[in-house]
Amino acid sequence: MKEYRRFHLGQKLMLAVEAEIKRLGGTKIMLSAQCQTQKFYEKLGYTASGAVYLDEHCPHIHMEKNI
């Protein structure tokens, strides 16, 4: 929601998830991102790969990050 963007809640949530995955011994995160959010994930260090595909009639892209 627009009025909450200034709090960077999405970024905070992703950093917390990454920290927990790392704590549990994970070394790589893979996700399916809506294309409209690709830049958000890129700012967090994720890299897009492969072709765009539809998921629930919405364009998505595979993204990965080594942690």
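Just so it is clear, the values below take in all heavy atoms, side chains as well, and ignore hydrogens, waters and symmetry mates.
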Same apolar cluster: Leu15 and Leu24, side chain cutoff 4.5 Å: no
Is a donor on one side and an acceptor on the other found under 3.5 Å between the side chain of Lys65 and the backbone of Lys28? no
Mark yes or no for whether His60, through its side chain, and Cys58, through its backbone, hold a donor-acceptor pair below 3.5 Å. yes
Quick one: closest heavy-atom pair of Val52 and Cys35, and the distance? CG1-SG, 3.7 Å
Give, for atom CD of Gln38 and atom OG1 of Thr47, the distance between the pair rounded to the nearest 0.5 Å. 10.0 Å
Testing the 3.5 Å rule here: is there a donor-acceptor pair between the side chains of Ser32 and Tyr53? yes
Return the set of residues passing side-chain hydrogen bond (donor to acceptor under 3.5 Å, both in side chains) with Arg23 (not counting sequence neighbours), or none when no residue passes. Glu20
Which residues, ordered by chain and number, are linked to Phe7 in its hydrophobic cluster, where ILVMFWY side chains connect at heavy-atom gaps below 4.5 Å, directly or through other members? Met1, Tyr4, Leu9
Side-chain contact, heavy-atom cut-off 4.5 Å: His62 with Glu64? yes
Would you indicate whether Glu3, at its atom CD, is surrounded by more than 12 heavy atoms from other residues, nucleotides or ligands within a distance under 6.0 Å? yes
Do Ile29 and Tyr46 touch side chain to side chain, with heavy atoms closer than 4.5 Å? yes
Path from Met30 to Met14 over hydrophobic side-chain contacts below 4.5 Å: no
Nearest heavy atoms of Leu54 and Pro59, plus distance in Å: CD2-N, 3.7 Å
Looking only at non-hydrogen atoms, find the nearest pair between Ala48 and Ile61 and report the distance. CB-CG1, 3.8 Å
Would you say Leu44 and Gln11 make side-chain contact, with heavy atoms under 4.5 Å? yes
